[in-house]
Structure formats: C-alpha cells, structure tokens
Amino acid sequence: MADQRVPFATHADSTVLGADEIVLNMGPQHPSTHGVLRVKLRLDGEKVIGSECVIGYLHRGVEKIAEHRTYTQFAPYVDRMDYVAAVSNGLGYCEAVEKLLGAEAPLRARVIRTILTELQRIASHLFWLGTHALDIGALTPLFYCLREREEILKIFEKYCGARLTTHAFRIGGLQYEAYDEFEKDVERFCKPFDKRVDEYESLLTGNRIWVGRTKGIGILTAKEAIDYAASGPVIRASGVKWDIRKAMPYAAYDLYKFEIPTGKNGDTFDRYIVRMEEMRQSRLICLQAIENIPAGPIMGKVGKVLKPPPGEVYHAIEAPKGELGYYIVSDGTTQPYRVRIRPPSLINLEAFDKMIRGHLVADVVAIIGTLDIVLGEVDR
Amino acid sequence: MPSQYIPILIFAALAAAFPAVTLVLFRFIRPTPVAVGAKLKPYECGVEAEGDTRGRYSVRFYIVAILFVIFDVETTFLFPWAVLFSTRHEGFRLEPVYALASMFVFLGILIIGYVWLYRKGALEWV
Amino acid sequence: MLDQIVFYFFAALAVISAVLVVTRRNIVQSAIFLITALLATAGIFLQLHAEFLFIVQVILYAGGIMVLFVFVIMLINLDVSLHQVQFNRQWWLGLVLALALGAQLTVAIAVGRSGLPLGEPAPATMLEPSTELVGKVLFSEYMLPFEIASILLLVAMIGAVVMAKKKV
Amino acid sequence: MHSLIDFLLTYWVQLVCAVIIVAVLPLVAGYIVLMERKVMADMQARLGPMRVGPHGLLQPIADALKLLIKEDIIPDEADKAIFWVAPLISVTAGMLAMSTLAIGPWFQIADLNIGLLFIVGISALGIFGIVLGGWSSNSHYSLLGALRSAAQLVSYETAAGMAIVGALMLAGTLSTREIIATQNDYGVWFVFAAPVGFFIYVVASIAETNRAPFDLPEAESELVAGYMTEYSGFRWALYFLAEYTNMVVVASIATTLFLGGWLRPFAGTRAFNFLDFLPSVLLLGVAGYCFYRAPKQPVKIQKMVLAAVGAMIILVALILAAPLLAPAGSFVASMKAGLHGAFWFLLKVGLYIYLFMWLRFTFPRYRFDQLMRLGWQFLIPLSIVNVMGIGVALVLHRHFGWSHWTAFPLTTILTLAVAGLLAAAGEKQEKTHAIVGEEA
C-alpha cells in the first residue's frame, strides 16, 4: 500500500472539476444494438466524441459457404442474412442466378414474387418501426406492429409453409402455385392497412417527445449519403430519389405505379417518415398486383442441374433496408466460383460514426434504430 | 420528543428492519452463491470494461446540484410563508398584501438571477 | 426517561458518525456518515420541539447539500485520493486545538449555566405550531434579513455558475 | 411493565397502522406491478400474465417468492458494504414517508404539524440509495444511471416543491389531515383552484419516481438497467419496492393536496349523498365480473380461486355498505367515515397511478438534455409564476373582495399565458442550443 501513496501535490489537477473521457461499450450484449453489434463509444460526459463499430460476432461465412454448394443448394442460406426480410434476400439471389443463366422467370411468377416481396417489405418496416419506437421508449407501437406483421407471416406460411426463413422462390420461378385464397388474404391485409399506418403515426408523428428525439438527430446530407454509398430509406431520407425498383426495374415492378417517398433533412425523423410512406406505397403495389395476376406457368425453362456459363454478374434489388446486391462469378461448374454479397445494413452502418458524433448517448440507440440494421446481414 | 413522533420512530425502526431482516433471513433458504469469474464482473455488455469506472463525470452534474441547493433553500423559505398566508391560527396570519409584496420582492430578486442563468445558457445540459 | 434514551441515542450517533467522517479513508463512506451525523442532529432538533428546524435540516442538509457533496465526490477521481497521504502532519496541533475548545466549552457551560436553560425544554404547548411561529418571526421582525437572503442566493447562483463555467 | 402497557394503550392505533403498512406495502407493490402489466397488456392488444392463478391474480406472490430465493450476487469489484446498504436506504426512506399520510380519517400513523414537509423531506432521502447503489456497483452503466437519476430527482424536486407551495397557500397548514379538512370547508378540491399547480405536480412526480417518459435512469435501451444493472434477486426487488412505494407516496401527496384526500366527490352537497353507495356498487360490479369469469377458467382450482376472490370483494362491499344501512348513531354507522374515507383515498391514489401507467405506455422517452430543459426552463419558472398567481388571486379575493369565481380563473389564465410564453421561449432555446453533429 505504502508505495502506492503519492504526494498530494502531484495530483492536484485530479481534483479540478472536469470530465475524463470515458470509453463505454455498448454491446455486444446490449438490449438495443439490434443483435450483437458492439459500439465502442468515447464519451465526454454524455456527449459522444467518437465511436467505433466492432462487428463480426455473428459472422457465419455465408459467402464462403456458397463456394461449396450448388446454386440451388445455396438459395436457403441467403434467407439467414437479413432474417426479418428473407423473401427479399431470396428474390435477389434467384434473379442474380437467372441473369447468370440468361433465363427469366415467367410473368406470373414475377408478379407473385413482387407481391410477396412487397409484403416482406411491409413486414420488415413494421418490425423496424416497433423496435425503433421501443428503443426510443415507446412501448406500445411494437405490439401493434407485430400484430400486423403476424398477418403477413401467416400469408407466407400458407404460401410456402415457413414464416421467417421462407425460401419462397426458386431459381427460374416458383415452386409453389399461389394458394386459392391468396389474393383474398393479401387484399384482406392490405385494404385496412393504411388505417393501421395512420394509427402508428397518430401515436408517434405528432408526439412532441418523438419529434424532439428524432428531428435533427443523425443528419446525413445528400452528398454524404452518396459518398457513404448509403441506400434504401437512408439515402432517400436525405433527398436523393434513388430506388432500384424504378432505376433498374426487376421482377414486375415496371407494371405498377408507385411513388418514391423522399425526405429533405436526412435526419432520423425523415427516415421514419420515409419508411412509413414506403409501407403505404408497398400496400398500393400489392393492391395493384392482386387485381390481375396473369395466368401461365410459374417455372421458367431452367435445367434440373444448373450450370451457368463462365462469367460474372451483379444484380441488385431494393431490399427493405436498401440495395441488396449479389455479385456472382461462375467458372462453368455447378458451384459458384465466388459469391460476394453487398448487404445494405453493412454499408449503411458505415455512416454511423458520422451521424453520432456530437450527439448524446441516448441518440446512439435512435441512430442504430434508424439505420435499420440486421446483424445477420452485417456480419454474414 | 413531541409525542406524535414516537410512533414514527417505531415505524422507522420497523421500516428499516423489515427489508434488512428479510434479506438476512432468506439467506438460509437461498442457494449459496457459487458464482466465480465472469459472473462477478461488472456488466459491460459482455466485454472487459475499459478505463476507470469511477472516473470523473461531467461538471454539469455539479452545476445542477448547486442550483438545486439554491432553489431548495428558496422553496424552504416559501413553505412557512405559504402556510402563514392563510393559516387558521389567528394572530399568525399575515396581512395578505404585505405578505404578497414581501414574497414578490424575494422571488423578484431570484427571478433576475434565473433570467441571467437562462440567458447565459447555464440551464442547458450540453 | 424515554426522552433521555432518545437524546443519548441521537447524540451518540451524531458524535460517533462525526468521528467516522474524518477517520474513514473511503470518501464515499465518509459522506454516508456525514449524512448520518446530520440526521442525528435533526433528531436532536426534533427532541427540542423544533419541528420545522428538524425538517429543514433534513431537506436542506441531508437532502440538498449532501447531494451536492456526493456529486462533487463523484467528480473527483476516487482511486487517486484513496492512495494519497492524509493530512496528519499537524495532528498534535489539532489535538491541542480540540482540547482547548473542549475546555472552553466546559468552562462556558459551567460558568454560564444560569444563563443557559439547559435541560429545561420549553413547554410543548407554547411551541405547538412551530412552522407558523418561525414564519411569523421571519416575516415580521426579520423581514430585511429575509430579503437580503434572496440577494445572497442570487450571488451564490451567479458565483457557482461563473466558477463552474470557467473550468469547462 | 406498567409503562409498557400504558404505552401500548396510548399508541395502539398508530402501531397497528405501522405494522399494517410495513406488512402490506410489499404486497400492494406487487399488485401494482400486476395491475401495470395487465393495463399494459390491455393497451397493447394482448393478455398479460394469465398463468399463475386465474387471470394471473397470484403472479405477484409467485414473483415475490422467486425473488426471495434467488441467488444473491455481489460483484467482485463492488464496494460490498455500500452495495449491501444502498437498497435498504431507498426502501426505508420510501416507507417512512408514508407515516404521515392520512389514508382515510382513521388510518394514519401520526398527524404532524409539518406533515407534508415530512413526506417531501424524507422521501427525498431515497436519492442516496440510488446514488450509492450505482456508485458501489463499479460499472459504467450503474454510475451513469445513478448520476442521471440523482440529477433528475433534484431538478424536479424544486418544481414539485413549488407546486406544493401553491396548494399550501390555499390550505394554510402542513398537516395532511387539516389540508383535507380545509378542502372540505371550501367545498372545492384544490385541483380546481390551482389546476396549473396540479399539472406541474403531475409532471414533476412522474419525473421524481423515474417513470416513463422520464425513466432515463433505467432506460433499458440505453443504460441497460441504470443504477440497478448489477443488482439481482431480492436486492433488485427492494429497489423495485422503493420505486413503487414512491409512486404510492407521490400519488398520495397529490390526492391529499389536490384531489381532496378521502373526501367523496361533492362531499358537502346533500343532494349527492347517493354517491355514498358508489363504492359498494362498484365493488359488486367487480365481484359480479369475477363470478362471470369463474366458470370459464380452465382448471377447477382456478375456478375456486376466482370465486373466492369474488366472494371476498362482496364481503368488502358489504362492509362498506353496512354503515349506510345501519341505524344512525349506532357503532356500525359511525364507521362510515373511516371505511369510506379509506376507499375514496385509495381509489384516487389508484387512478393517479393509472394515469402514470397510461402515460408510460403512450409516450416515447425524453432525452436527458430535453428532460433537464423541461424541468429547469419550463416547470420551475412556471411553478414560481403559479405561486405568484395564486397569491394574487388570494389577495384579490381577501383584500379587494373579488369573488372566487373571477379571481382564480383570471390568474389561472394569466399563468397559462406565461406557460405559453415559456413554451415558445423554450422552442427558441431548443433551436439555438440544438445539439448538432460535428462537421466531418
């Protein structure tokens, strides 16, 4: 003990009022980092002066696995990336391989794919809204959101038997024909859904506390958003009208009319508004699509054994969280030579440090929530 | 000791004893903690804590505390005044206009200080 | 009888806690004992039928000023102060001063006993509405000091903020 | 021995009250938790606890037993002694504050001259339990939570104190009993004379009890569990007990000061005497619902438990009705004041706590700087203005002979105007002091 004692004078400065810089770990085991994200925060009091995202706690080597599976075998694996939007993941992968094969799914298949993917977008946004509101302290919207999401999952269950990791599509089209009540179920869900969105908005949008917690928080200007290669609602909230469904239409999106909602300020509130509006737009797409699902086959002409010619392809879709891209290199065998996935969550997360600097600890959860990340997709 | 306080004293003893006694008594029923290692580490989201947990925190807390003490003193002055304003003990009651005027002067001076704080931004947290 | 038990309980509590405040090495423990000492003093006020003073002691000292102390303690790096040499080079001076003060008090009480009505609490009936009594005196005889007190608070407010702001 | 008997004869009522409070309070806290979960479930389109007992009626008891026998973990680096003592300080302070509450004209441990100040002062000591608990845990989250909690408590204490001062100006006494008596004499609850004061007290009391939307100290999405992060088992339960005790305390203060305490609505008006039957009718309704649900329970024992609960409620309803039906002047009839007083008091406390819950499930959480801004820049000045307004109204009434009906609404409107100005100024302040992200 004695040698540890130091003369008083040398430590006089330690009694001066002032704050040390604290390093606070948020995550990997934290209630609101949406999985196992670890954020190392450098704090001055409660102000964040720097941050570092540590990822990889959920790394499963999805891309590497692809190299040892056939194209067909790999399809279920992509469901596990963004596990709250498995249908979208599957769509991106199937279309990428179809592009590589030079095949195209028949129109009926593409329309059903569009309906299911849009339902999935709504489900993903609902899940985002519930957890985001919960992070900011509003307990109740979560349960309303999950109530509606449940209806969508029931439709998935009826369609393909699975609810979460659906493996709904096959390369070249669909395996399952839409079940008898499919249109009716989708309509029953979609018709009253705009009222539901209004209900969530009535709980949050006009609420002073909600506005105070989200307006001006985590601003990302249009230029920064482009520089960070952000995509999805994150870039649209910054005022950039970028939506792959319009820019490079896939599936059957060119058949339907819908708007791309954009924000102005690129803050958390705008991202919230953009996603709310996207849910309404997705509902409209679904309603348009079920009006007229064309008849015809649901499976295109692809062989039993998929052997794409050597070459490479990049195909991106507008997943609920942003641009989900598949870059597949084929060497002519039954297994891909290399699969590289561009997950929107990971790229959007890059902007986190920019967004959080100068804000408070409480804003960390608001910004993580607004980025709508899923760690399964970030780490792959 | 004013006689009304005797039951309060006993109640205080009861209120203090109840949780303590329960805590100690149930030690015999509770499983003995066998926790070692990581279970006894402070929670830091599953990783080792970095830096000193008992480091110094923002000076803001100090400003809040000192302002609190000042406003607390002020409120304490107000309590007897408020009671005298319309007390039922005749002979104690203050003449209303006089009482109000005296408190307006008192609060007025403090409001000057408050406005200064407000302008200075001392009431802002960050 | 009961009165005496209660008095000696509070008095002993106050003295022992006060001693522990200065002897504890851990500053947070010192703070806890200071709270105890303040509360015990409040108890003695209560025994003197000074209800209002009792609760003011609890609210202002135990509730207000101690919160300030605890905050300040948390602004100081404790582990450093824990290992610092205590100021005990002048312990003999302290001892002399303490003895002198003790002697002074003993003499004062012994000599001035007639002037200090110790052990003769005022009859309870006279002091019943203690809040009103304090208020009455405060707002009539001591009106000017009361208003000056607000200026004092104003100065304290400004001083605290000016000092703290400079350091940031 | 003789003196002991004397002592007991003098103080038996108070002692019984004391024992009842200490023994029943944990149970009450448990059932408030159950009520909270049920109300939350109802607002969120789900059922809530349904397993232990019919409709989860026995859940609190199961929870309490579980918490009592849970493993007791004290972290390695914690300051053991302080870690041990801290939750006890919180609980004791909370319980002690209840000692001067008048739950009905009969049920009170002590009626003090400084009654209300006693509650305010003693319950404020609970801060130390929180700060010391957070500090002794030796964890970032705990300490941040504790400091936030203490800063929040002290920031809103001034506003709450000022709101109380406003009501005290009308009451002219600090004794809880006399405050209620005064409201009876005036024939109006102070909430109608000082609505702004009541509003300030509601907001400040939510903040002081760390409830949402001011539950930052334990904001689970940021600070995991705040100052309670390292606590588990029974010690954790003690903090919870303290929190719910404090809720009851602030609800009781509000009831006493603003909502007429144990007074029935329109207590002074004979025409409304039929309201005396309301407690019994309400309880009979609840009992009827229990009997209606009882046969629908899946298990036989649950049917029996629910029926027993219904029978108990009917018993209480009969007890409440008995004094009304008994001949005037009889002993039974004389019990009306105590029984009905307690009923109304507890009903009001319950409604106040329900308001807390309702707000909790509706609002998102404030950020700390916003919370401080609301406290220091809105509530405190508003509460000072409120005190001035009530003073002016009283002077106008007493000295200048204005009627109540003009003086109080006038000053209330003026106070509201000031509130509007403050809100506008706050918005401006929010813009100038907005926290903006750093330039990259």
Side-chain angles (χ1 to χ4, degrees), chain C residues 1-2 5 20 24-36 38-39 42-43 45-46 49-79 82 124-125 127-135 150 153 157 161, chain D residues 3-4 6-7 10-11 77 79-83 85-86 89 92-93 96-97 100 110 112-136 138 142-144 146-155 157-158 161 164 168 172-175 178:
Chain C
M1 170 55 183
L2 184 71
I5 295 174
L20 284 171
R24 288 282 86 190
R25 204 162 246 294
N26 186 328
I27 192 166
V28 174
Q29 284 176 11
S30 291
I32 293 179
F33 286 115
L34 187 53
I35 298 169
T36 322
L38 289 170
L39 287 179
F45 283 146
L46 186 58
H49 291 246
E51 282 178 281
F52 186 69
L53 208 54
F54 154 73
I55 201 65
V56 168
Q57 168 93 358
V58 170
I59 291 180
L60 284 190
Y61 280 90
I65 292 178
M66 277 316 295
V67 169
L68 178 64
F69 273 27
V70 171
F71 270 27
V72 170
I73 287 168
M74 288 184 177
L75 293 174
I76 296 168
N77 200 331
L78 265 182
D79 287 352
L82 205 59
T125 45
L127 285 168
E128 220 25 73
S130 72
T131 314
E132 282 86 345
L133 207 65
V134 170
S150 81
L153 289 177
M157 204 189 287
V161 170
Chain D
S3 63
L4 184 69
D6 264 0
F7 181 81
T10 328
Y11 293 115
E77 289 158 52
D79 193 316
K80 302 243 161 30
I82 300 177
F83 191 87
V85 171
I89 298 176
T92 310
L96 195 53
T100 61
L112 305 180
N113 277 324
I114 50 158
L116 210 68
L117 274 183
F118 185 86
I119 307 177
V120 173
I122 298 291
S123 64
L125 294 181
I127 297 179
F128 291 114
I130 291 171
V131 172
L132 294 175
W135 180 83
S136 66
N138 197 13
S142 299
L143 188 54
L144 265 177
L147 284 173
R148 272 186 177 189
S149 184
Q152 172 180 337
L153 282 173
V154 300
S155 298
E157 206 159 279
T158 310
I164 290 176
L168 285 181
T173 172
L174 284 167
S175 145
E178 283 176 34

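Interface residue V131(D): backbone and side-chain heavy atoms are both found under 4.5 Å from chain C. With a 4.5 Å cut-off on non-hydrogen atoms, I35(C) touches chain D through its side chain but not through its backbone. With a 4.5 Å cut-off on non-hydrogen atoms, I114(D) touches chain C through its backbone and its side chain both.
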(message) Go through it in stages, so that I can follow the logic: the residues are L117(D) and F52(C), the test is side-chain contact (heavy atoms from CB on, under 4.5 Å), and I'd like the CA-CA distance, side-chain angles, deciding distance and then a yes or no.
(response) CA-CA 9 Å; L117(D) 274 183; F52(C) 186 69; 3.7 Å; yes
(request) Give the intermediate values and the outcome of side-chain contact (heavy atoms from CB on, under 4.5 Å) for residues I89(D) and I32(C). (result) CA-CA 11 Å; I89(D) 298 176; I32(C) 293 179; 5.6 Å; no
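Within a 6.0 Å sphere centred on CZ of F69(C), other residues, nucleotides and ligands contribute 12 heavy atoms or fewer. A 6.0 Å sphere centred on CZ of F83(D) holds more than 12 heavy atoms belonging to other residues, nucleotides or ligands.
When every heavy atom of G63(C) is checked against every heavy atom of L125(D), the shortest pair comes out as N-CD2, 4.2 Å.
The distance from atom CD1 of I122(D) to atom CG of L39(C), rounded to the nearest 0.5 Å, is 7.5 Å.
Contact count versus chain C (heavy atoms, under 4.5 Å) is highest, among S175(D), G172(D), A151(D), for A151(D).
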